[in-house]
2 protein chains.
Amino acid sequence: MNIPHSKYPRVVIIGGGFAGIALAKKLRNKKVQVVLIDKHNYHTFQPLLYQVATGGLEAGSIAYPLRKVIQEHTDFYFRLTSVKEIDTENQKIISEIGDLHYDYLVIATGSKTNFFGNKEIERNAMSMKTIPQSLNIRSLILENFEQAVLTNDQAEKDALMNFVLVGAGPTGVELAGALAEMKKAILQKDYPDLDISKMEINLIQSGDLILNTMSEKSSIAAEKFLNKLGVKIWKNVRVTNYDGRTVTTNSDLTFETATVIWTAGVQGAAIPGLSSDALVERVERIKVNEFNQVNGYENIFAIGDIASMETNDFPKGHPMMAQPAIQQGKLLGENIIKLINHKPMKPFEYNDKGSMATIGRNLAVVDLPNFHFNGVFAWFVWMIVHLLSLIGFKNKAVVFLNWLYNYIRFDREGRLIIRPYKKKSFITFTSDEV
Amino acid sequence: MNIPHSKYPRVVIIGGGFAGIALAKKLRNKKVQVVLIDKHNYHTFQPLLYQVATGGLEAGSIAYPLRKVIQEHTDFYFRLTSVKEIDTENQKIISEIGDLHYDYLVIATGSKTNFFGNKEIERNAMSMKTIPQSLNIRSLILENFEQAVLTNDQAEKDALMNFVLVGAGPTGVELAGALAEMKKAILQKDYPDLDISKMEINLIQSGDLILNTMSEKSSIAAEKFLNKLGVKIWKNVRVTNYDGRTVTTNSDLTFETATVIWTAGVQGAAIPGLSSDALVERVERIKVNEFNQVNGYENIFAIGDIASMETNDFPKGHPMMAQPAIQQGKLLGENIIKLINHKPMKPFEYNDKGSMATIGRNLAVVDLPNFHFNGVFAWFVWMIVHLLSLIGFKNKAVVFLNWLYNYIRFDREGRLIIRPYKKKSFITFTSDEV
């Protein structure tokens with residue numbers, strides 16, 4: 001990987017998400033050599049991916065160049081690659097662009113979509129964990145409507161205008177709301193030759209509560225908001241398959257659809273090489289102690305979504321979201337320096353700042369640790385928190401401007417198929433000579 | 001294509017560029033049925049493609065949804081497809097999504113890169129006529145630097161940091177300037193492990209003047225500005241080949257480079273089916289009379305870059321740029337209505353508003369019909385004209401904000417490899433264990 005020798009110990013960070021960046025910033029000019037590795041050259045602000053997918057924001061507004069994050073750090077390197085394996089015995093990582101020795105290794109690879117082993121769903125459904133995936137969803141949504149105008153077969157038209165979202169966590173709920181707003185404000189005007197009232201947004205949840213990581217009040221309010229927007233919510237339904245046309249479930253219920261967006265599960269984006277003792281089966285997270293040290297290793301750490309720190313409050317690890325990742329990254333920055341200087345490390349304690357989800361225009365739900373609120377004020381809070389959390393002044397300003405414009409004009413001008421999502425045509429074209 | 005019958009004659013417009021959109025707007029609610037066809041679902045503001053390619057602007061900022069352009073037009077349809085052929089005998093077009101009868105056909109397909117028959121250059125060089133192509137260039141530029149940090153072979157490093165632009169028209173000049181600014185303001189900071197002073201920008205022009213469509217004063221000023229920015233200009237040099245590593249020319253001069261961007265020629269994006277009498281050989285433009293009527297056809301028109309209207313002032317047709325396209329589109333909108341109503345059409349007269357090019361920060365050249373100026377004021381004029389020409393308020397506002405930010409901060413945050421440009425690795429990676 002062509003990293004020069006340093007007189008300082010080398011810390012290799014895999015992943016430039018919330019956790020990796022928070023750590024990188026803490027290690028700035030701290031008598032360590034740092035190598036940050038990511039398979040993208042930018043940080044992704046994942047909470048707003050659904051707005052990229054629905055044309056409300058451009059990809060560049062929620063991405064931030066990783067090299068800019070570390071621009072003024074000395075003895076700090078970035079490498080664009082995928083890590084294929086960790087060789088713990090020889091203390092090195094193996095990547096597409098060569099191997100690299102580490103003194104300290106931090107795994108901050110985040111999470112990826114979990115299809116629970118169903119290969120056919122994986123093949124036919126869309127995921128939304130990265131910017132390219134979100135752009136694919138955007139293209140597919142629009143390509144569906146462009147195809148729907150071409151057919152007179154009502155069943156084909158209906159399937160193209162039926163959007164099935166599996167999983168009613170924050171991502172599924174926010175996406176359902178955004179689709180409902182597209183339907184109301186844009187698609188009706190853009191496709192006068194379609195009966196857009198036939199467009200369906202079906203949100204499927206395996207349990208009996210949507211937003212089940214939030215308070216019951218939030219869940220109920222979100223359901224009310226979604227109903228108001230015309231989203232059909234199916235609770236206690238488990239999707240069993242999707243062959244590219246028909247969604248089957250554990251009941252008699254089926255859906256004919258050209259689009260399934262799968263937000264029903266996430267799993268750690270694990271890298272081969274750690275001992276099996278360090279892994280949590282099924283969810284592929286990495287077991288860490290209170291210092292985010294990986295089980296069985298002195299100099300390997302895991303932070304963020306990939307890390308599973310079992311505590312009394314969180315027996316299955318912290319929620320896979322931005323806040324624990326940022327807090328773990330920051331603390332680990334301090335702890336690595338302590339470890340190098342043979343000082344005792346500080347155990348992690350999660351400071352729960354609450355959680356929130358937006359459903360649509362003026363509609364959001366917010367859970368603070370001891371307080372719930374929803375509606376217009378919650379929506380303002382959601383916007384302000386997300387604006388302030390974006391990295392970089394330009395992104396903040398451009399997102400703000402887009403939101404203001406979209407709000408005033410009921411519009412989303414990012415309805416652009418820049419790179420078509422290559423999928424075989426859903427319909428058979430009819431030639432006409434009228 | 002599933003277009004309903006209409007009591008009005010059908011006008012089919014192929015292409016939603018400057019010409020096609022100007023025409024579409026004129027035909028709004030005018031007792032004609034209009035079908036607008038494009039292979040993208042958005043209009044591209046081509047003059048700013050080079051800023052997308054160099055990370056100064058996001059793709060979405062210079063694209064505008066075509067369906068939004070025609071949102072409030074009645075009896076107006078948009079279809080997303082490529083037209084494969086025109087069947088003039090049966091008055092229909094043949095496309096990927098079926099055939100369509102026309103009463104009036106307007107070809108507004110614009111232009112594409114002309115490699116003058118050299119297939120090897122075509123295979124190995126980059127074009128910059130569309131947004132996806134510009135995004136590919138952006139990815140390639142950044143991927144080059146990400147690869148350059150990985151090798152210690154100086155020849156490989158140099159080739160990766162050598163950018164050869166063939167053709168010093170406005171596109172080549174503007175791109176060269178933007179690359180020079182990236183070098184100065186960004187790459188130095190982003191890649192501390194590279195000696196960015198070794199980065200070369202070579203601009204090759206076959207004639208003895210750059211910007212040869214502009215005044216000699218502009219040409220000389222632009223050359224001075226480019227020299228100031230460190231761009232190497234090679235005049236009277238003709239590129240003969242590029243095999244993916246070495247550029248050969250008609251002299252002894254060669255360049256070792258991973259990147260050739262070809263802006264040396266354009267040709268009409270012609271569609272098969274017209275009689276050979278209607279075509280201008282070599283440049284593939286379509287011969288039209290003073291009403292933009294295609295030679296030999298009563299009801300087929302061509303406007304914009306694709307149309308070659310030979311006049312005394314322009315014996316080889318109007319320059320292939322936005323202004324003639326917009327003016328022809330507007331006039332044809334009126335003329336088609338006149339033709340339908342059996343009224344005499346009005347001949348086209350080009351109102352030359354001048355031309356301009358920007359080289360970099362505070363550096364631009366402007367030719368008005370009888371007046372030339374350059375420098376800071378020209379640069380302001382360039383910015384204002386381009387801002388006002390962008391379609392849509394949001395695009396104007398976002399572009400303005402980006403420019404302001406980029407200007408104040410000497411930055412371009414769009415240096416994102418969203419979709420890697422798939423090209424085989426230019427270098428051989430070395431594994432290291434330091």
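Quick note on labels: first sequence line is chain A, next is B, and so on, each numbered from 1. Being a predicted model, the structure only gives us computed values, none of them experimental. Only this structure's heavy atoms are used, side chains among them; waters, hydrogens and symmetry mates stay out.
- Counting heavy-atom pairs under 4.5 Å between each of B:Leu66, B:Asn406, B:Leu401 and chain A puts B:Leu401 at the top.
- A salt bridge between A:Asp411 and B:Lys68 is present, with a side-chain N of the basic residue lying under 4.0 Å from a carboxylate O of the acidic one.
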Run the side-chain donor-acceptor check on residues 56-64 of chain B: report pairs under 3.5 Å with partners two or more places apart or on a different chain.
from, atom 1, to, atom 2, distance (Å)
B:Ser61, OG, B:Glu58, O, 3.4

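- Counting heavy-atom pairs under 4.5 Å between each of A:Asn395, A:Leu142, A:Asn136 and chain B puts A:Asn136 at the top.
- Counting only heavy atoms from C-beta outward, the side chains of B:Ile417 and A:His40 never approach each other to under 4.5 Å.
- B:Glu146 has its side chain out of reach of A:Thr81: every pair of non-hydrogen atoms, C-beta onward, lies at least 4.5 Å apart.
- Although no hydrogens or angles enter the test, the distance criterion places a donor-acceptor pair under 3.5 Å between the side chain of A:Asn41 and the main chain of B:Arg415.
- Using a 4.5 Å cut-off between heavy atoms, A:Asp75 makes no contact with chain B at all.
- Put simply, of B:Phe78, B:Phe393, B:Tyr191, the one with the most heavy-atom pairs under 4.5 Å next to chain A is B:Tyr191.
- Ranked by heavy-atom pairs shorter than 4.5 Å toward chain A, the options B:Asp190, B:Asn402, B:Asp193 are led by B:Asp190.
- Both the backbone and the side chain of A:Leu416 come within contact range of chain B, with heavy atoms under 4.5 Å apart.
- If you take CD1 on A:Ile186 and CD on B:Gln71, they are separated by 8.0 Å, rounding to the nearest 0.5 Å.
- Put simply, CD1 on B:Ile391 and CD on A:Glu413 are 10.0 Å apart, with the number rounded to the nearest 0.5 Å.
- In this structure, CG in B:Asn2 is found 5.5 Å from NZ in A:Lys157, a value given to the nearest 0.5 Å.
- Environment of NZ in B:Lys396: crowded, with over 12 heavy atoms of neighbouring residues, nucleotides or ligands closer than 6.0 Å.
- Most heavy-atom pairs under 4.5 Å with chain B, from the set A:Pro132, A:Gly414, A:Gly55, A:Pro420: that is A:Pro132.
- In this structure, CZ on A:Arg67 lies 14.5 Å from NZ on B:Lys189, to the nearest 0.5 angstrom.
- Within 6.0 Å of the CD atom in A:Gln154, the count of heavy atoms belonging to other residues, nucleotides or ligands exceeds 12.
- Both the backbone and the side chain of B:Leu80 come within contact range of chain A, each with at least one heavy atom under 4.5 Å from a heavy atom of that chain.
- Only the side chain of B:Ile131 comes within contact range of chain A, judged by heavy atoms closer than 4.5 Å.
- Looking at A:Leu135, the atoms closer than 4.5 Å to chain B (heavy atoms on both sides) sit in the backbone and in the side chain alike.
- Looking at A:Val149 and B:Arg79, their side chains come closer than 4.5 Å, going by heavy atoms from C-beta outward.
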